[in-house]
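All residue numbers refer to positions in the sequence shown, counting from 1.
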Amino acid sequence: MQRIRFGAALSTIERSAVLRLPAPASKRLPSRSQVAVRGSINGVEFETVLEPDGYFGHWMRVDDALRARAGLTLGQPAAVEVEPVDRWPEPTLPRDFKAALGAAPASIRTLWDAITPMARWEWVRWIEATANPATRKRRVEVSISKLQSGKRRPCCFNLSSCTDPTVSKSGRLIDAGTDGGGRPVAS
């Protein structure tokens, strides 16, 4: 697949800097769910996993280091290129899940090592898809239990919805300047 080129402006949702892909660029990606990509912003290379926005499009979080290297300023257009890749980067494991995996029987750790990085991203995404501490704790426990029974992926969540509770509402990426339902918020 060729690189997908587009212009996009950096915006913020709560305390997160995000770059939303325009619909025509997103439609050229192979999935409405997460997609591993390599690319560049203003010529600065990066690798990441694009997240679904709940509108059948994609977005990415831009950390401070990439933002500084690429000279990104809020609201200013940036030249972006992305290209899907087969090799998924390893997800960063949340502390609670990493501890649970470390304490789990060897058979669970063996299965974890045997599943694909894409599947590991799905487990992490499912665990982190709640802001409720009790629900999150239960999801960590259920993940270990499901892995113990041989499950290679979590089930029962919409892979094309935006599951990051810090930037979404009702499974959709919050538009900058709105409350997630399209209503403007006070600045």
Side-chain angles (χ1 to χ4, degrees), residues 1-92 94 117-131 154 157-187:
M1 178 176 264
Q2 291 184 329
R3 281 197 162 204
I4 301 165
R5 294 174 174 83
F6 56 93
L10 189 69
S11 62
T12 58
I13 301 172
E14 295 295 325
R15 287 181 240 136
S16 297
V18 300
L19 191 138
R20 191 172 197 156
L21 277 68
S26 214
K27 285 180 183 175
R28 293 184 55 200
L29 292 169
S31 171
R32 295 305 115 219
S33 185
Q34 291 180 307
V35 179
V37 298
R38 69 174 159 241
S40 67
I41 299 175
N42 292 341
V44 176
E45 297 289 322
F46 66 88
E47 287 188 2
T48 194
V49 174
L50 300 176
E51 295 286 338
D53 65 7
Y55 299 95
F56 302 105
H58 297 87
W59 67 281
M60 65 179 270
R61 188 178 314 276
V62 179
D63 65 26
D64 291 340
L66 178 56
R67 186 176 173 178
R69 287 192 329 269
L72 294 174
T73 305
L74 286 176
Q76 295 300 309
V80 184
E81 296 183 6
V82 295
E83 176 181 23
V85 295
D86 292 329
R87 186 188 61 75
W88 280 60
E90 284 297 323
T92 300
M118 176 193 243
R120 290 190 286 267
W121 274 89
E122 288 180 15
W123 283 107
V124 168
R125 191 168 165 227
W126 182 67
I127 289 166
E128 292 191 325
T130 181
F157 77 104
N158 181 351
L159 294 174
S160 67
S161 68
C162 185
T163 58
D164 183 333
T166 66
V167 296
S168 69
K169 184 173 181 178
S170 302
R172 294 185 169 187
L173 185 68
I174 298 170
D175 288 329
T178 72
D179 66 0
R183 292 172 296 280
V185 294
S187 37

Would you say [X] and [Y] make side-chain contact, with heavy atoms under 4.5 Å?
X: Val82; Y: Val35; result: no
X: Pro89; Y: Trp121; result: yes
X: Thr166; Y: Arg15; result: no
X: Ser168; Y: Thr163; result: no

Check [X] against [Y] and note the closest heavy-atom contact, atom names and distance.
X: Ile174; Y: Lys169; value: CG1-N, 3.9 Å
X: Pro22; Y: Phe6; value: CD-CD1, 3.3 Å
X: Ala70; Y: Val44; value: CA-CG2, 3.7 Å
X: Ser161; Y: Arg125; value: O-NH2, 2.5 Å
X: Arg32; Y: Phe56; value: CD-O, 3.4 Å
X: Leu72; Y: Ala78; value: CD2-CB, 3.5 Å

With side-chain contact (heavy atoms from CB on, under 4.5 Å) as the test, would you mind laying out the steps for Ser26 and Tyr55 before giving the verdict?
-> CA-CA 10 Å; Ser26 214; Tyr55 299 95; over 6 Å; no
Quick one: which residue pairs count as a side chain to side chain donor-acceptor pair (under 3.5 Å) with a foot in residues 60-76, not counting sequence neighbours?
-> Ser16-Arg61, Arg61-Asp164
Glu51 side chain to Gln34 side chain, donor-acceptor N/O pair below 3.5 angstrom = yes
Would you mind telling me which of His58, Arg172, Arg20 makes a side-chain contact (heavy atoms from CB on, under 4.5 Å) with Asp53?
-> Arg20
Paired with Met60, the side-chain contact (heavy atoms from CB on, under 4.5 Å) test is passed by just one of Leu66, Val49, Val37, namely Leu66
All side chain to side chain contact (heavy atoms under 4.5 Å, CB included) counterparts of Glu81, not counting sequence neighbours | Arg3, Arg5, Ser40
For atom CD of Glu14, decide whether the heavy atoms of other residues, nucleotides or ligands shown that lie under 6.0 angstrom number more than 12.
-> no
Side chain Trp59, main chain Leu50, donor-acceptor under 3.5 Å = no
Check step by step if side-chain contact (heavy atoms from CB on, under 4.5 Å) holds for Leu21 and Leu29.
-> CA-CA 11 Å; Leu21 277 68; Leu29 292 169; 3.9 Å; yes
Between Arg38 and Glu47, is there a salt bridge with N-O shorter than 4.0 Å?
-> no
